[in-house]
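Below is one structure, written out as structure tokens; comments come after it.
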Amino acid sequence: MLEVNPIPAEGLTIADAARRTGVSAHTLRYYERAGLVVTQVDRTGGGRRRYRKPDLDWIKICTKLRATGMPIKTIRRYADLVAAGRGNEPERLALLEEHRAEVLARLDELQENLRLIDRKIGVYRGRLEAGDADGLWAPAQPR
């Protein structure tokens with residue numbers, strides 16, 4: 001498949017990598033310092049980072065894991081396992097399955113909360129349509 005915005009052979013600057021991944025340059029540096037990046041980000045002769053496709057792909061994985069609530073410590077553990085190479089796939093799978101179960105539990109909680117919000121919206125709409133909004137509960141004001 002032809003990539004719409006191919007990455008130049010020399011790689012992307014940190015600013016360009018930030019734009020492509022949707023995170024700040026500060027976050028990219030932090031991910032690298034925190035041991036979350038399994039690829040070895042290239043450097044120019046002047047020491048400036050140059051990001052290639054594998055770097056960006058991995059950073060996108062990290063951002064998705066983080067966005068779903070995975071703690072940095074757990075992402076680091078996952079990155080360490082990936083960087084170690086073959087032979088630890090069962091550990092990686094267990095880590096991801098545990099995180100998936102946590103995400104599903106949070107989704108269930110969010111769905112329950114959304115149902116409550118939908119019920120409240122229905123009450124407000126019904127009362128407003130009936131011209132009876134004055135009857136909605138409000139904390140009693142001290143007299």
Side-chain angles (χ1 to χ4, degrees), residues 1-139 141:
M1 183 164 86
L2 184 63
E3 192 172 340
V4 175
N5 293 317
I7 296 172
E10 69 275 8
L12 296 173
T13 66
I14 195 166
D16 290 335
R19 274 190 290 280
R20 293 251 186 138
T21 59
V23 299
S24 68
H26 172 77
T27 298
L28 290 174
R29 288 186 202 97
Y30 171 74
Y31 278 11
E32 199 174 336
R33 277 193 321 272
L36 306 182
V37 181
V38 297
T39 57
Q40 183 62 46
V41 176
D42 289 340
R43 302 281 182 140
T44 65
R48 296 189 182 271
R49 290 170 176 85
R50 300 303 287 190
Y51 292 86
R52 303 198 187 290
K53 186 167 180 359
D55 306 321
L56 300 183
D57 290 345
W58 181 258
I59 289 163
K60 286 179 184 176
I61 290 169
C62 290
T63 60
K64 297 301 182 195
L65 293 174
R66 192 70 193 112
T68 56
M70 184 179 277
I72 294 292
K73 180 180 177 181
T74 307
I75 297 172
R76 185 179 304 115
R77 174 72 182 133
Y78 181 60
D80 288 345
L81 289 168
V82 170
R86 292 188 173 115
N88 60 28
E89 293 82 1
E91 290 175 76
R92 293 186 221 175
L93 176 61
L95 185 147
L96 291 172
E97 286 177 334
E98 182 179 329
H99 181 63
R100 183 179 190 279
E102 291 167 4
V103 170
L104 287 172
R106 281 198 311 280
L107 283 172
D108 286 345
E109 183 179 350
L110 283 171
Q111 287 292 336
E112 182 180 327
N113 295 340
L114 182 59
R115 283 190 292 277
L116 174 111
I117 292 167
D118 286 342
R119 280 194 304 274
K120 295 300 286 179
I121 288 170
V123 168
Y124 277 85
R125 282 188 179 146
R127 291 291 181 94
L128 287 169
E129 288 171 8
D132 188 21
D134 289 344
L136 292 172
W137 176 84
Q141 299 297 320

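Bear in mind the structure is a predicted one, so any value in this text is a computation, not a measurement. We count residues from 1, following the sequence as given.
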Working to the nearest 0.5 angstrom, can you tell me the gap between [X] [atom1] and [Y] [atom2]?
X: R43; Y: R49; atom1: CZ; atom2: CZ; value: 4.0 Å
X: D80; Y: L36; atom1: CG; atom2: CG; value: 9.0 Å
X: L96; Y: L65; atom1: CG; atom2: CG; value: 7.0 Å
X: D42; Y: L12; atom1: CG; atom2: CG; value: 11.5 Å
X: R115; Y: L110; atom1: CZ; atom2: CG; value: 10.5 Å
X: I14; Y: R29; atom1: CD1; atom2: CZ; value: 4.0 Å

Main-chain N/O of E10 paired to R50 side chain as donor or acceptor, under 3.5 Å: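 Confirmed, R50 side chain pairs with E10 backbone.
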
Donor-acceptor contact present, side-chain E89 to main-chain G87, <3.5 Å: yes

Counterpart residues, side-chain hydrogen bond (donor to acceptor under 3.5 Å, both in side chains), relative to R92 (two or more places apart): N88

Partner residues of R100 under the side-chain hydrogen bond (donor to acceptor under 3.5 Å, both in side chains) criterion, sequence neighbours left out: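 Expected list: none.
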
Any heavy-atom pair between the side chains of [Y] and [X] that's under 4.5 Å?
X: M70; Y: L95; value: yes
X: L28; Y: T21; value: yes
X: V41; Y: Y31; value: no
X: T39; Y: Y51; value: no
X: R119; Y: V123; value: no

E102 atom CD: more than 12 heavy-atom contacts under 6.0 Å: yes

How close do [X] and [Y] get, heavy atom to heavy atom, and via which atoms?
X: R52; Y: I7; answer: C-CD1, 4.0 Å
X: A25; Y: A18; answer: N-CB, 3.8 Å
X: E91; Y: L81; answer: OE1-CD2, 3.8 Å

Trace of the side-chain contact (heavy atoms from CB on, under 4.5 Å) decision for Y30 with I72: CA-CA 11 Å; Y30 171 74; I72 294 292; 3.7 Å; yes

SB check D57 K60 (cutoff 4.0 Å): no

